[in-house]
There are 2 protein chains.
Amino acid sequence: MTIEDAGTAPARRTTLADVARQAGVSTALVSLVMRGAPGASPANREKVFRVARELGYVPDSRARALRQGRSQLLGVMFHVQQPFHADVIEGVYEAAEAAGYDVVLSAVTDSRSEDKAIGTLLADRCEAVILVAPQSSREWLAEVGGRLPTVVLVRHVRHPDLSVVRAADMKGLGLAVDHLVGLGHRRIVHVDGAGSPSAEQRRRGYRAAMARHGLEPRIVRGGWAEINGSQAVEQLLAEGDLPTAILAFNDPCANGVLSTLQRSGISVPEEVSVVGFDDTHLAGFSHIGLTTVRQDAGQMARMAVGRAISLVERKDDPEMHRDGVVVPDLVVRGTTGPCRQ
Amino acid sequence: MTIEDAGTAPARRTTLADVARQAGVSTALVSLVMRGAPGASPANREKVFRVARELGYVPDSRARALRQGRSQLLGVMFHVQQPFHADVIEGVYEAAEAAGYDVVLSAVTDSRSEDKAIGTLLADRCEAVILVAPQSSREWLAEVGGRLPTVVLVRHVRHPDLSVVRAADMKGLGLAVDHLVGLGHRRIVHVDGAGSPSAEQRRRGYRAAMARHGLEPRIVRGGWAEINGSQAVEQLLAEGDLPTAILAFNDPCANGVLSTLQRSGISVPEEVSVVGFDDTHLAGFSHIGLTTVRQDAGQMARMAVGRAISLVERKDDPEMHRDGVVVPDLVVRGTTGPCRQ
DNA sequence: CTTGACCCCTAGAACGTTTTAGGTCGCGTG
DNA sequence: CACGCGACCTAAAACGTTCTAGGGGTCAAG
């Protein structure tokens, strides 16, 4: 062990024992005071606080969790590029804090898979996890559910170990189709979510609504990102068969649709109407204002947190096995208008 | 302690000792095997792996970090509603993983302040933190920097305890102004970032560039979000004094500007040109395609991680005290065009 | 046969907390 | 005076890991 030891450990942070020594009391007492527990004299209490502040003491959450045997931690897996997930996270923080839980985020990115994201949540000893729009296989989700309380958000999956919170997707697409039909549209295409969570349900909702109106459904492969909407429009243009209305899988996808239509000199909503899904708070600012199906992120987040905590505290509420369904509504903005053909 | 003890602890997860017992070896050996360290016979290695898998053992990262005296953790504070921050996070994960560090995210939301976000990073015993576009006071940032290695991203702040990574904002706004002037614009307004990080530098860059061209600068109060751009345009309209070009503080702000212009029947870029800043990967999909000043999020993330780790390993590189500057470039898309007045 | 080197393994301490079980004081009461 | 009680405090054990120090083998060399 030489002086220039490579990979030097970082400076030691100040600990409970440091504070105790400096204040001339036991670590147990410092612990009491820091937690605001009763059983310390006002004099000592004040002294400990003063010393702790002087030394810049911050309790080590890991040691605390380790000793307590529980972390009070709620893990959240989300996709970092999805604006809707950002809205959910806001809500999760709020609800978790109110319930006395901490939140640990684990992002999915191009280079970081869902497996890895979930793996770190397990290693962090979360007491429950909330998976936002997971794309993993049903089997893997079920395995996670078998390990610890798991709430799945915005995805249809039925399994006794998984608690699901989602929007009424069928209903949502029904609203959108009704709106467009009301405006006189008959050639309405659905740019779907391909293999994305809940894409299947939205396709079903679209087909059912079209059938209800006696219209021919037409589905073009899309996805959850801008690029997918963009490519779908390119395909439609290449086929020379543009509909009068496009129903996109979600807001980012709708954005891609709008972008490529605009670039191709096709005006919205005069020539083509476009509808999104989610109503991320960005949707209202897409220049024209995107007409979209709103699913309330805050409400979904609260439901998810509520369920996660119920599961942790083992109140074996049968309600947990039923899907928590949020009713969507249609927000009409500038990207839809009367059919002119 | 009755049976129906409220607040039941969550089910105990399987531990090193469980695996050891089941496999008939010591915990030390299991630890060895799990870490892939040398010193175990092939037979035992295989047996331990098998048992660990059977029991679904996942090492407890907290206990591990506690014992090792270091967490290998990089904390990142970011604003959850900023698309640019999402881009940064992608890069941070990638760079950190390559360097053998883990990442812990701490989001700032409407209901969760920067103080709180930083506080949890401290409690999690991160070895270094990366603060993305912090809005906190210089003093508070300096205090954080005094506690542990701190890299500040996308904000101008000079302090010996803070390492800064940022874009050349002056240069960036210069590029934008030059571009607009080249298109014939003379009445160019800057919708600024108000008190946002680096807003001051961008104002300076704007003023300098305008002066260089002998033009009268005009700054309208904005902010980092869509709503701010929107309100700025409303103000300009109310004053009945619309310029021919608007330079927004960042992409979301530019989006707000575009949205409100469009809603007011003003066409872009025919009547007004608009330029953003950041080039989040959303910018290319804003219907028309936003002309914007690109700052490379990936490169900034890599620089930030590199610096954070240098600081942790106490290579006292004087380079760390110099700002890490990324050179921005202009991405011309559809929101800027020749001046027609 | 001793020695030492090597390989495989384990006991036990440590990390920074919380918690349990108890200890010491001062004081009012029987 | 003895006793009990409450208020305040502390020693020491845990939590799940990693790591240090060392224990027992086996085997080759002296």
Side-chain angles (χ1 to χ4, degrees), chain A residues 1 5 7 9-48 52 55-73 102 122-127, chain B residues 1 5 7 9-48 52 55-73 102 122-127:
Chain A
M1 183 95 139
D5 184 10
R12 207 177 60 81
R13 300 276 270 281
T14 113
T15 158
L16 210 48
D18 298 332
V19 178
R21 198 174 322 112
Q22 186 77 15
V25 297
S26 71
T27 59
L29 187 63
V30 178
S31 173
L32 276 184
V33 172
M34 294 311 293
R35 281 175 292 138
S41 68
N44 266 336
R45 196 172 286 273
E46 201 259 344
K47 190 200 303 182
V48 167
L55 300 186
Y57 171 68
V58 177
D60 184 327
S61 64
R62 301 165 309 176
R64 188 202 301 259
L66 186 58
R67 167 62 236 226
Q68 287 184 150
R70 59 177 309 184
S71 60
Q72 302 259 78
L73 229 45
D102 281 333
L122 289 176
D124 284 344
R125 288 295 185 270
C126 294
E127 296 184 16
Chain B
M1 184 94 137
D5 183 12
R12 206 177 60 82
R13 300 275 270 281
T14 114
T15 158
L16 211 47
D18 298 331
V19 178
R21 197 173 322 111
Q22 186 78 14
V25 297
S26 70
T27 59
L29 186 63
V30 178
S31 173
L32 276 184
V33 171
M34 295 309 294
R35 280 175 292 139
S41 67
N44 266 336
R45 197 172 286 275
E46 202 260 344
K47 191 200 302 183
V48 167
L55 300 185
Y57 170 68
V58 177
D60 184 326
S61 65
R62 300 165 312 177
R64 187 203 297 260
L66 186 58
R67 167 61 237 228
Q68 286 184 150
R70 58 177 308 186
S71 59
Q72 302 260 81
L73 229 44
D102 281 334
L122 290 175
D124 284 345
R125 288 297 185 270
C126 294
E127 296 184 14

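The sequence lines fix the lettering, A, B, ..., with proteins before strands; numbering per chain opens at 1.
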Exercise. Is the shortest side-chain N/O distance from B:Thr15 to OP1 or OP2 of D:dC15 below 4.0 Å?
Worked result: no
Are the side chain of [X] and the backbone N or O of [Y] linked by a donor-acceptor pair below 3.5 Å?
X: B:Ser71; Y: B:Arg125; value: yes
X: B:Ser61; Y: A:Ala123; value: yes
X: B:Arg67; Y: B:Ala63; value: no
X: B:Arg13; Y: A:Leu122; value: yes
X: B:Glu127; Y: B:Gln72; value: yes

For this session: Just call it for A:Arg125: base, sugar-phosphate, or nothing, with non-hydrogen atoms closer than 4.0 Å on any strand.
Result: sugar-phosphate
For this session: Remember a base hit wins even if backbone is also touched, and classify B:Ala40 as base, sugar-phosphate or nothing at under 4.0 Å, heavy atoms.
Result: sugar-phosphate
Seminar exercise, completed: Between A:Arg62 and B:Leu32, the residue closer to the 5' end of DNA chain C by nearest nucleotide is B:Leu32
Exercise. In terms of the nearest nucleotide of DNA chain C, which residue is placed more toward the 5' end: B:Val25 or A:Met34?
Worked result: B:Val25
Exercise. Which two nucleotides bound the region of DNA chain C that has atoms under 4.0 Å from heavy atoms of chain A, read 5' to 3'?
Worked result: C:dG16 to C:dT19
Taking N or O atoms only and anything under 3.5 Å, show me the protein contacts with nucleotides 19-22 of chain D, one pair per line.
from: D:dC19; atom 1: OP2; to: B:Arg35; atom 2: NH1; distance (Å): 2.9

For this session: In sequence, state the C-alpha distance, the side-chain angles, and the governing distance for A:Arg12 and A:Asp18, and then conclude on salt bridge (charged side-chain N to carboxylate O under 4.0 Å, His left out).
Result: CA-CA 11 Å; A:Arg12 207 177 60 81; A:Asp18 298 332; 3.3 Å; yes
For this session: Among A:Thr15, A:Val48, A:Asn44, find the residue that satisfies the side-chain contact (heavy atoms from CB on, under 4.5 Å) test when tested with A:Val30.
Result: A:Val48
Problem set entry | Length of the CG-P vector between A:Asp60 and D:dC15, whole Å | 18 Å
Exercise. Roughly how many Å is it from CG in A:Asn44 to P in D:dC8, rounded to a whole number?
Worked result: 10 Å
Problem set entry | Euclidean distance, A:Leu16 CG relative to A:Arg21 CZ, rounded to 0.5 Å | 10.5 Å
